[in-house]
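The basis for the numbers below is simple: all heavy atoms, side chains too, and nothing from hydrogens, waters or symmetry mates. Both ligands and their constituent atoms are indexed starting at 1 by order of listing.
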Amino acid sequence: MNNLKITKIKESRASSIDFDNLSFGKTFTDHMYVADYIDGEWTNMEIRPLENLSVHPGNLAWHYGQSIFEGMKATRDEAGTPLLFRPEEHIYRLNASARRMCMPEISEEMFLEAVHSLVKLEKDWIPSPEGSALYIRPFMFATDEAIGVRPSDTYKFIICTLPVGPYYPKPVKLKAEETYIRAAQGGVGEAKTAGNYAASLYPAKLAKEEGYDQIMWLDAKEFKYVQEVGTMNIFFVIGDEVITPATTGTILKGITRKTIIEILKDEGYKVTERPITIDEVVEANKKGELKEVFGTGTAAVIAVVDEIKFRDYVMHLNPDNYIVAKLAKSTINGLRNRTIADTRGWVVEAGATIDA
Ligand SMILES: *Cc1c(COP(=O)(O)O)cnc(C)c1O
């Protein structure tokens, strides 16, 4: 593909940024990638200076929610080479979200060309401090200008990049939720679609008022099985078993989750994907067998949990003693800055697949 137009900014803002003090999600790089879906195909692929969009008030995405996204990270090795982590996994999942939301898919070739080209262009924006990265936010939304519930005929696909510091500087406190749900069987819980997060805001606000950082979602039918947390999948270490809920339709299939399962299995851990009830977690805690609880996701990487509340029962954990979470985190971070050799083909140099 050679039809990507690149229009560069006159002078980069990168040198004016304090990369040691980034708050998550507020600083955008100089450029963005934009493409349009018109008459059944993707067209107008362009990398251009970041700017506002002009959108009609009838934009279908605003009214009926056809909007999906991804979250990835670029890092650098000691020589400054920009690196991507398992980028193809993100286009597979973006397309799975697109199918569920009745939106057009994007070819792997188009997606990879976009991500590689943009990250290569913005490589001076990749922060070097430990735990920092260039967050990559690909997203797609409907653009038909009409009121009426139906799938849009036109769409925009955009990628923005943002230098970010650590997502959770401290251990997180979770509240197991028994009133509200995140996703039901047959719903859209497996899709990375905007409405899932809108629906989570009110229950998350209530949890914050009680002093909890995030909600631990239980299943929608019985409020019995643990699902996931905010924007992370969840892992428990009980005795010598590492357990994460099986993804059977209501849980977002995290790429960090998949990566950590593989890393821990290779390290010789017994890792099980299976349904796990909140009662089992409570029982394990009472018996002193609940060793670790942590969340996994691209933004947070690994977030250790130091407290879980279920009804009136509060479990206190000590992340200073976590072994599995520490190993998973140091391995992922080491792969991402190439201080640990990548034997699985997960780490790719940004720009490696394009001529530019
Ligand atoms: C993105 C996301 C995750 C984590 O997925 P990763 O691919 O590891 O970033 C987990 N749960 C939800 C609800 C998410 O949106």
* Just by modelled atom types, is the K224 backbone N or O under 3.5 Å from a matching donor or acceptor in the D219 side chain? -> yes

* F69 ring center near Y197 ring center (under 6.0 Å) -> yes

* Asked: Tell me, which residues have any heavy atom less than 4.0 Å from some atom of ligand 1?
  -> R93, R182, K192, Y197, E228, G230, T231, M232, N233, L252, G254, I255, T256, G297, T298

* Any donor-acceptor N or O pair under 3.5 Å, side chains T154, T143 -> yes

* May I ask you to decide whether D213 forms a salt bridge with K173, counting only side-chain N to carboxylate O separations under 4.0 Å? => no

* Answer with yes or no after comparing the ring centroid distance for F24 and Y135 against a 6.0 Å cut-off, counting only values under it. => yes

Atom pairs and distances, side-chain donor-acceptor, residues 233-252, under 3.5 Å, sequence neighbours left out:
residue : atom : partner : partner atom : Å
N233    : OD1  : G254    : N            : 3.3
N233    : ND2  : L252    : O            : 2.9
E241    : OE2  : T272    : OG1          : 2.7
T244    : OG1  : I234    : O            : 2.6
T250    : OG1  : Q227    : OE1          : 2.6

